[in-house]
Protein chains: 2
Amino acid sequence: MNITKNKSIGKEIDLGLNYYQKEDQVLIATDCIIFGFNGQNLKILLIKRNFEPEIGKWSLIGGFLSKDENLDEAAARVLKTLTGLNDIYMEQLYVHSNIDRDPGQRTISVSYYALIDVESHNYEGIQVESAKWFDLKKAPKLIFDHDEMVKKAVLRLRRRALTKPIGFDLLPEKFSMKQLQNLYESILDKKIDKRNFINKINSLDVLNKLNEKDMTSSKKGSYLFQFDRKKYEKKVIEGFNFKI
Amino acid sequence: MNITKNKSIGKEIDLGLNYYQKEDQVLIATDCIIFGFNGQNLKILLIKRNFEPEIGKWSLIGGFLSKDENLDEAAARVLKTLTGLNDIYMEQLYVHSNIDRDPGQRTISVSYYALIDVESHNYEGIQVESAKWFDLKKAPKLIFDHDEMVKKAVLRLRRRALTKPIGFDLLPEKFSMKQLQNLYESILDKKIDKRNFINKINSLDVLNKLNEKDMTSSKKGSYLFQFDRKKYEKKVIEGFNFKI
DNA sequence: CCAAAAGTGTTTCCCATACACCCATGT
DNA sequence: ACATGGGTGTATGGGAAACACTTTTGG
């Protein structure tokens, strides 16, 4: 068998010349799973569609890839459009490509996920009125295959939390140990023993304890912590094993 | 700000009507990183391009997505075209989308990786003369961003080997413990203590020891093993922690 | 008899887990 | 005084890591 007779590879041979070029071109979308945290629960940012198809239903935010950008840039642009923010941590997740996933037309979507602190970006940041934070556990059903995207994102976030530190993007600059534990419990969807959690976090050595207390949560007040950026990023690179 | 004024989302509103549809459509390719194992070293299957651009250089096998299939199907078709085989384990890896990644035209490529046993598919399977197995460590420089794809695939395979059993697809049906250890050492790129490895594998309980020996490797001969499909697949689902 | 690969157990150490009481403060 | 959430340490068990000698047999 000669390679030039093969359809899948043959196309490339005729590059720039034949009908395949036009015929098989498709639209590329990117959809963003935006996770947030408010100190208590893991949240997800959704948008109510005010256009067809599926008008009135909830969906991830998304947009199409333009000729002049790569996917990372497209995802960042879409995120900026909605939240007004640059420099958000984003990671490519998965490509969804089923033929009829979008009933309107053949579209392939690359999902990205982002992590942000809800409080810092609630009113100033979110510029689209139809966008709303939902508790992850109480989120409505989404259009197309967006629920599947979210499911994959949750799994990825969970795995990430078990191998790299999480929180820099999801927590305010100063936070209590309890908030950090709430974050981990939300992501892993399980209760963690308080002492074991603190021991583990301390052994990671990525936090600086401040001489400041958060007095809103209790009468005694709870010490606030900060991530030590250098130590944190070192752990992001080398990773660890968070068995908890 | 109204969402309908937003570029990234606005496009969707005009669905089926405006120039964006044609303008921003692009070609979707899929490239396959095909890992093989011969009992000694981890291999990768490459193809020498006999067409432009980059004629004569080595590349991953790939092809374009058609209108009538999703990406998994496209990757399986491309693989079948080259190796003649169905039912190969494949996994989606990553999307590469830089604007100029393919100098010929704007193309976005979704990489997949596959695992196969080199011996079983060497002569019967590989039907393209210009395809060749390379030792992963001695592979030539590849075209475009294919080296980056391979790098990501190796990392993924490594992570997989640490959390799920590996070998069903990469080893012949019957294999020696030494071969399995060679496989792990190739993937993890480190020496493993023989006794610790055997203890670990035995504790996983996914192998059946046969009453057969491979007499080619030594005078004494080494016992052959088989994967117990059910136990193996159970471990694939539940995962484990292979610290080695 | 010797070279070459196969096969086999034990000890040590670290880390994950389980677990309960006192502290500080505002009301 | 008491209710509420904050903060702290230890004992146990299991799994990873380090480690060396005997067995088999073809040449």
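Keep in mind the model is a prediction, meaning the values are calculated, not measured. Naming: A, B, ... by sequence-line order, numbering from 1 per chain.
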Original post:
Is there a donor and acceptor pair, one atom on the side chain of B:Lys194 and one on the base of C:dG7, closer than 3.5 Å?
Top reply: yes
Original post:
Got more than 12 heavy atoms from elsewhere within 6.0 Å of NZ, A:Lys213?
Top reply: yes
Subject >> Rounded distance (Å) that lies between atom P of C:dG26 and atom NZ of A:Lys213 >> reply: 10 Å
Original post:
Which of these nucleotides, C:dA6, C:dA24, D:dG9, is closest to any side-chain atom of A:Lys220?
Top reply: C:dA24
Original post:
Around atom CZ of A:Arg159, are there more than 12 heavy atoms of other residues, nucleotides or ligands at under 6.0 Å?
Top reply: yes
**OP:** Please state how far atom CE in A:Met177 lies from atom C1' in D:dG5, giving the value in whole angstrom units.
**Re:** 15 Å
Original post:
In terms of side-chain heavy atoms of B:Ser222, which of C:dG7, C:dG9, C:dT8 is nearest?
Top reply: C:dG7
Original post:
Whole-Å distance between D:dG7 C1' and A:Asp193 CG?
Top reply: 13 Å
Subject >> Interatomic distance where CG belongs to B:Asn241 and C1' belongs to D:dA17 [whole Å] >> reply: 15 Å
Subject >> Nearest listed nucleotide, side chain of B:Asn196, among C:dA6, D:dG6, D:dC19 >> reply: D:dC19
Original post:
Could a donor-acceptor pair under 3.5 angstrom be found where the side chain of A:Asn199 meets the base of C:dA16?
Top reply: no
Original post:
Tell me: CZ of B:Phe240 to P of D:dG15, nearest whole Å?
Top reply: 14 Å
Original post:
Once you round it to whole Å, what is the distance between P of C:dA3 and NZ of B:Lys219?
Top reply: 10 Å
Original post:
When you measure from the side chain of A:Lys243, which nucleotide among D:dG6, C:dA18, C:dA16 comes out closest?
Top reply: C:dA16
